[in-house]
S.K.: 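Got a structure for you, written out below as structure tokens; questions coming shortly.
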Amino acid sequence: MRGLGVGPPRRDRTGYLHGAPPPGWARLVPVVLLAAVCVTTAVSSEPLDIGFVLGAVPPLAVLAHGPVATAVLGALTLLVLSAPVFNLDAPGSTDLLTVAFVAVLSVLLSFIRSRRDAQLVTERAVARAAQRAVMPALPDRVGPVRCAGLYRAAQRGTLVGGDFFDVRAGPYGVRAVMGDVQGHGLSAVATVASLLGAFREAALDEPDAGAVAARLDRRLRVDAAGDPHAELFATAVVLDFSADARSARLVACGQPGPFLLRDGRAAELEVEPCTPLGLGLAGLDAPVETVVRLRPGDRLFLASDGVFEARDAQGDFYPLADRLTRFADGDPAGLAERVWADLLRHCPEVHDDVTMLVLAPVLPDGEDGRDAREGRRRVLLDRPPGGSGRGTDADGAPPLPR
């Protein structure tokens, strides 16, 4: 499976007017214009009064060329204006001086633009490195769990917004988290970085998913303690896979549970809702964990509210469950990308951060395969030891067919 796909949406890819390098055609425009005037005057039997067109060549060169290339194009423009062979109806000295002044000014502007572009490239590279340090690319596999993710930040030109996810291996097994902090864009990056740092530490220290969620909750409350007006909170789903990935414990803090994809069907798992992070989870009863038994070929699909709440022009929400059923038999590595492409067809203008995470346990054949044949099309949710979880015979609404 592929790892994390991070970047702005296709509709928000940085264009030339927003700091991207000039396109190739912009470099050709002044050259083509100069050549067109030369060819037109050379083939004409009568003098042509089109020398004024050449006055646009140096300013056009500023948009895409450096100072040296701009100076060369300016000199060629003056040469074409003054050379009798081009038959330009003998432009006067005032015309030549005007074009020469514009050419010199264009060289100066090109030098300034080139310096600013170089500084912008450096700053953008630093910003991207910092954002990728906050949310590095997912590996294809973490322990016995294969991973694939997709992240599209709502704010133009950013890699990280108000959503977050990560998958980490630790002494207690593989832990995964996906969540959404208050707000989005660059203002939420600090909170995302704080939560991810707390999760990575908790994945090594805490024995279960509920304890990991409590650590995240404490992190937000500590961050908000210095500001009496701060209202930091986040929603998240924490998953704790067993050492052999045959089961996973889930804690949903203010967020829907994941979808289980099995036998070509998709169903949302029913999980006991807990308080969102940052509102004092540690001071309440222990979070209720839901345990799902996993079989070969199972996939867990998690999505942020940017997917659930996307609407088309008629105001209809994106039918995620139906779409997952349609895509359930495809390659799990490209599942998130297929959902993203379909989401853009449903709602071309997505104004919220969009995050998807696909987790597929790698289970050996044998006992699990035999259990799958005996209990095909059934999901078992068991009560974990100690009575801290919930058990039911359904795997969420709608139930998978028996």
Side-chain angles (χ1 to χ4, degrees), residues 3-14 18-20 119-139 147 149-168 175-203 212-213 215-238 253-255 276-279 281 302-310 336 340 349-357:
L4 173 66
V6 174
R10 295 186 182 97
R11 58 179 175 83
D12 283 342
R13 283 181 179 171
T14 305
H18 298 279
Q119 181 181 6
L120 180 61
V121 168
T122 301
E123 292 178 351
R124 181 172 292 158
V126 172
R128 286 181 176 272
Q131 292 180 80
R132 290 203 178 274
V134 172
M135 184 171 289
L138 279 180
C147 314
L150 180 141
Y151 195 131
R152 296 293 185 266
Q155 185 167 335
R156 184 189 300 271
T158 63
L159 297 178
V160 180
D163 291 353
F164 63 95
F165 61 78
D166 200 1
V167 183
R168 295 280 164 161
R175 269 67 185 281
V177 66
M178 197 197 76
D180 183 5
V181 307
Q182 177 191 19
H184 61 265
L186 293 177
S187 61
V189 172
T191 306
V192 167
S194 181
L195 282 174
L196 286 176
F199 168 75
R200 290 159 187 166
E201 290 293 328
V212 173
R215 281 280 290 270
L216 300 182
D217 174 79
R218 185 179 68 179
R219 178 72 268 168
L220 281 185
R221 290 188 295 111
V222 170
D223 290 346
D227 185 357
H229 301 291
E231 296 182 354
L232 288 180
F233 68 91
T235 60
V237 175
V238 179
C253 300
Q255 190 159 311
L277 302 176
L279 302 182
L281 179 64
L302 297 90
S304 65
D305 57 2
V307 179
F308 288 103
E309 298 176 3
W340 169 245
E349 292 296 324
V350 181
H351 300 289
D352 197 2
D353 300 326
V354 170
T355 307
M356 304 178 211
L357 179 62

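By convention here, the first residue in the shown sequence is residue 1. Only heavy atoms go into these numbers, but all of them, side chains included; no hydrogens, no water, no symmetry mates.
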S.K.: Find the distance between CZ (Arg219) and CG (Leu232) and round it off to the nearest 0.5 Å.
M.R.: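 Answer rounded to 0.5 Å: 10.5 Å.
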S.K.: Side chains of Val177 and Val212, heavy atoms from C-beta outward: is any pair under 4.5 Å?
M.R.: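 Heavy-atom side-chain distance check fails, nothing below 4.5 Å.
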S.K.: Of all the heavy-atom pairs spanning Gly149 and Leu138, show the shortest one and how long it is.
M.R.: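 It is N-CD1, 4.1 Å.
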S.K.: Mind running side-chain contact (heavy atoms from CB on, under 4.5 Å) on Asp305 and Asp352 for me, showing each step along the way?
M.R.: CA-CA 8 Å; Asp305 57 2; Asp352 197 2; 3.3 Å; yes
S.K.: Keeping Asp180 on the side-chain end and Ser304 on the backbone end, is there a donor-acceptor pair under 3.5 Å?
M.R.: no
S.K.: Write down the atom of Val167, the atom of Ala176, and the distance for their closest heavy-atom approach.
M.R.: CG2-CB, 4.0 Å
S.K.: At what distance, to the nearest 0.5 angstrom, does CZ of Arg218 lie from CG of Asp223?
M.R.: 11.5 Å
S.K.: So Leu302 and Phe165, side-chain contact (heavy atoms from CB on, under 4.5 Å) or not? Walk me through it.
M.R.: CA-CA 10 Å; Leu302 297 90; Phe165 61 78; over 6 Å; no
S.K.: Look up atom CZ in Arg221 and atom CG in Leu216, then write down how far apart they are to the nearest 0.5 Å.
M.R.: 11.5 Å
S.K.: Nearest heavy-atom pair of Pro136 and Arg168: which atoms, and what distance?
M.R.: CG-NH2, 4.1 Å
S.K.: Side-chain contact, heavy-atom cut-off 4.5 Å: Thr191 with Gln182?
M.R.: no
S.K.: Please report the closest heavy-atom contact between Ala213 and Leu277, naming both atoms and the distance.
M.R.: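 Closest heavy-atom pair between Ala213 and Leu277: O-CD2, 3.5 Å.
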S.K.: Supply the atom-to-atom distance Arg215 CZ to Arg200 CZ, rounded to the nearest 0.5 angstrom.
M.R.: 14.0 Å
S.K.: Heavy-atom distance under 4.5 Å between the side chains of Leu195 and Phe164, does that happen here?
M.R.: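 Yes, their side chains come closer than 4.5 Å.
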S.K.: Arg175 side chain to Ala203 main-chain N or O, any donor-acceptor pair under 3.5 Å?
M.R.: yes
